[in-house]
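Report on the following structure.
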Amino acid sequence: MRAWQVERRKRTRHLIELGGLVVKSGIVDLTGDDRATILGALLWMADELKSDQGERAQALWAAKGKQALEVDPATHNETDRTVSAVRR
């Protein structure tokens, strides 16, 4: 397999794993799969991370995410690629 194919597959897998996190968070269901709302929320998060409170926000979100991963029974299944990516 050529190097560009390997890199493309890595990127594709990474994007799929990130999409899995969006679904796992419940945002897709809560917004009715409204892509503009989801993007708006992600842009809001990016603005928060860029602000003077960015480190605080990241620490709070990381703690909440880790807690959710520990509570979700699917996270204990090492075949769940989304969880494996989060644990790295």
Side-chain angles (χ1 to χ4, degrees):
M1 193 174 297
R2 295 186 177 169
W4 66 269
Q5 290 173 313
V6 171
E7 289 304 313
R8 183 175 175 187
R9 286 188 179 185
K10 281 183 191 177
R11 181 178 182 274
T12 299
R13 179 177 174 162
H14 182 71
L15 293 173
I16 290 168
E17 290 170 346
L18 292 173
L21 292 174
V22 173
V23 172
K24 186 179 283 273
S25 73
I27 290 174
V28 175
D29 291 335
L30 291 169
T31 63
D33 200 7
D34 182 342
R35 312 274 167 104
T37 300
I38 294 169
L39 178 58
L42 293 170
L43 291 171
W44 173 78
M45 286 176 57
D47 287 343
E48 285 293 310
L49 290 170
K50 292 177 198 172
S51 76
D52 59 342
Q53 296 294 313
E55 287 182 27
R56 181 176 174 271
Q58 185 170 358
L60 288 170
W61 296 336
K64 187 168 185 77
K66 287 175 185 174
Q67 181 182 24
L69 289 172
E70 289 171 1
V71 170
D72 186 348
T75 63
H76 297 293
N77 181 354
E78 288 302 319
T79 61
D80 182 347
R81 297 189 190 287
T82 303
V83 176
S84 298
V86 172
R87 289 185 180 160
R88 286 186 209 150

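- Listed by chain and number, the hydrophobic cluster partners of Leu43 are Leu39, where partners are ILVMFWY side chains within reach of under 4.5 Å, directly or through others.
- Lys10 is linked by a side chain to side chain contact (heavy atoms under 4.5 Å, CB included) to Val6, Glu7, counting only residues two or more places apart in sequence or in another chain.
- Identified under the salt bridge (Lys or Arg N to Asp or Glu O under 4.0 Å) test for residues 30-41, with sequence neighbours left out: Asp33-Arg35.
- Applying the side chain to side chain contact (heavy atoms under 4.5 Å, CB included) criterion to Gln5, with sequence neighbours excluded, gives Met1, Arg2.
- Alongside Trp61, the hydrophobic cluster contains Val22, Val23, Ile27, Val28, Ile38, Leu42, Trp44, Met45, Leu49 (criterion: ILVMFWY side chains under 4.5 Å).
- Sorted pairs that involve residues 55-68 and meet salt bridge (Lys or Arg N to Asp or Glu O under 4.0 Å), not counting sequence neighbours, are lacking altogether.
- If you take OG on Ser51 and CG on Asp47, they are separated by 8.5 Å, rounding to the nearest 0.5 Å.
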